[in-house]
A.B. asks: 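Here's a structure for you.
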Protein chains: 2
Amino acid sequence: MVTIRQAEAAKLSELPSAFSFGPLELRPSEGFASASAIALQLSVREFGLLMEPARNDGRIVRREELYAAVWGEPLRQGDRTVGVYVRRLRVKLSQALPTWSFIHTHVGFGYRFAPANQFEAGDAAPKRAF
Amino acid sequence: MVTIRQAEAAKLSELPSAFSFGPLELRPSEGFASASAIALQLSVREFGLLMEPARNDGRIVRREELYAAVWGEPLRQGDRTVGVYVRRLRVKLSQALPTWSFIHTHVGFGYRFAPANQFEAGDAAPKRAF
DNA sequence: CTGAGAGGTGAAGCGACTGTGAACGAGTGG
DNA sequence: CCACTCGTTCACAGTCGCTTCACCTCTCAG
């Protein structure tokens, strides 16, 4: 079985050393994430999830795909882990940036990672985009 | 019994990764549909129906065939589900593109999927074709 | 015109899916 | 040994959309 460290290390090489995601600044190589200069305290899994925008730019990603990318193994039937981590990420991100939303649910499909500021309506991505 | 997720995943592999349908842009692999840069909010079933043009280019399709393609099982006697979803699709599409029509009824036969703009009469498909 | 059949429409029940809070155990550092 | 963090799992609650139903409209044959 693959350890967290190994799985994460394997992924890092495929990612850019740094990129921005809306108001967030992410540096995979350092395991660092900040929101408007406020450093975020993320766990390894949470950080792995936040790397998703670097892998797929704004498209809708299935849970299976997300899990495979972060955990390095196929998602098992009935496994709710992805949902739990999405929630934790949402909590931390909304604490740092209350007016922003980053992870959008697509029922029966998966999630779409896209920054959206509720005070700048009409600009960014819609909640549902099938 | 087959879950929605499984049925949907099975279909995706048979479709092109992206195609256009009149002013619509569709990406089956991402569960994404947009109308003139406006992202459409479709459910899994609605999206499955909109994939029809990728399977049959412009010909009239029987309800039985449509149901089998999207639901993955034969249509039962008296089942009106296809009609309900056609209506929902029409509503959403007409909201996004009021001057366009995409799904044309052929009484006693089925539906024909073809983009038609009412402001460009003479060019595109007639409402009834027999 | 009238009736029958086909399709359109609106609403509602129910099950599937997702969100949420909490508990447990493994791992780590003091 | 304890305190802490994090990953994982579970049960429950809330939401969403699939399906079904009843009723209406349209079309056409006679």
A.B. asks: Just N and O in the side chain of B:T105: are any of them under 4.0 Å from OP1 or OP2 of C:dA6?
C.D. replies: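 Result: no.
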A.B. asks: With a 4.0 Å limit, can you tell me whether B:Y111 has a side-chain N or O closer than that to the phosphate oxygens OP1/OP2 of C:dG8?
C.D. replies: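 True: B:Y111 side-chain N/O within range (under 4.0 Å) of C:dG8 OP1/OP2.
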A.B. asks: Rounding to a whole Å, what distance do you find between A:Q77:CD and C:dT18:P?
C.D. replies: 12 Å
A.B. asks: Measuring from the side chain of A:V107 (C-beta onward, heavy atoms only), which nucleotide among D:dG7, D:dT19, D:dC16 has the closest atom?
C.D. replies: D:dC16
A.B. asks: Within the structure, does a side-chain N or O atom of A:R63 lie under 4.0 Å from either OP1 or OP2 of C:dC17?
C.D. replies: no
A.B. asks: Under 4.0 Å between a Lys/Arg side-chain N and an Asp/Glu carboxylate O for A:E65 and A:R63?
C.D. replies: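 Result for this pair is no, no salt bridge flagged.
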A.B. asks: Check the interface with nucleotides 9-15 of chain C: list each N/O to N/O pair with the protein under 3.5 Å, or write none.
C.D. replies:
from: C:dG10; atom 1: OP2; to: B:R87; atom 2: NH2; distance (Å): 3.3
from: C:dG10; atom 1: N7; to: B:R87; atom 2: NH1; distance (Å): 3.2

A.B. asks: Using OP1 and OP2 only, check whether a side-chain N or O of B:T81 sits under 4.0 Å from D:dC18.
C.D. replies: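 Indeed not, no polar side-chain atom of B:T81 lies that close.
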A.B. asks: Expressed in angstrom and rounded to an integer, what is the separation of A:Y67 atom OH from D:dT9 atom P?
C.D. replies: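 My rounded result for the distance is 7 Å.
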A.B. asks: How close or far is atom P of C:dT18 from atom CZ of A:F109, stated in whole angstroms?
C.D. replies: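 Atom CZ in A:F109 sits about 12 Å away from atom P in C:dT18.
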A.B. asks: Under the side-chain contact (heavy atoms from CB on, under 4.5 Å) rule, what do A:F102 and A:L24 come out as? Steps first, then yes or no, please.
C.D. replies: CA-CA 10 Å; A:F102 296 90; A:L24 301 179; 3.8 Å; yes
A.B. asks: Between A:K92 (side chain only) and A:L40 (backbone N and O only), is there a donor and an acceptor less than 3.5 Å apart?
C.D. replies: no
A.B. asks: With a distance cut-off below 6.0 Å to the six-membered ring centre and an angular limit of 45° from the axis, does A:R62 pair with A:F109 as a cation-pi contact?
C.D. replies: yes
A.B. asks: Between B:R112 and B:V61 (side chain of the first, backbone of the second, donor and acceptor by atom type, cut-off under 3.5 Å), is there such a pair?
C.D. replies: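 Looks like no, no N/O pair under 3.5 Å.
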A.B. asks: Rounded to the nearest Å, what distance is computed from the CG atom of residue B:L49 to the C1' atom of nucleotide D:dT19?
C.D. replies: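 Atom CG in B:L49 sits about 14 Å away from atom C1' in D:dT19.
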A.B. asks: Distance check: side-chain N/O of A:W71 vs OP1/OP2 of D:dT8, anything under 4.0 Å?
C.D. replies: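 Answer is yes, contact under 4.0 Å.
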A.B. asks: Just the rounded figure in Å: distance from P of D:dC6 to OH of A:Y85.
C.D. replies: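 My rounded result for the distance is 9 Å.
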A.B. asks: Could you give the CZ-to-P distance, from A:F47 to D:dC6, as a whole number of Å?
C.D. replies: 14 Å
A.B. asks: Can you check the A:H104 NE2 to C:dT18 P distance for me, whole Å?
C.D. replies: 16 Å
A.B. asks: If you assign each of A:R76 and A:K92 to its closest nucleotide in DNA chain D, which residue comes earlier from the 5' end?
C.D. replies: A:K92
A.B. asks: Determine yes or no for a side-chain-to-main-chain donor-acceptor pair under 3.5 angstrom, with B:E30 supplying the side chain and B:R27 the backbone.
C.D. replies: no
A.B. asks: Write down the distance between CZ (B:R62) and C1' (C:dA6), rounded to a whole number of angstrom.
C.D. replies: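 One finds 14 Å between C1' of C:dA6 and CZ of B:R62, rounded.
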A.B. asks: Classify the ring geometry between B:Y85 and B:W71 as parallel (under 30°), tilted (30 to 60°) or perpendicular (over 60°).
C.D. replies: perpendicular
A.B. asks: Does A:S43 have a side-chain nitrogen or oxygen under 4.0 Å from the phosphate oxygens OP1 or OP2 of D:dT5?
C.D. replies: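 Answer is no, no contact under 4.0 Å.
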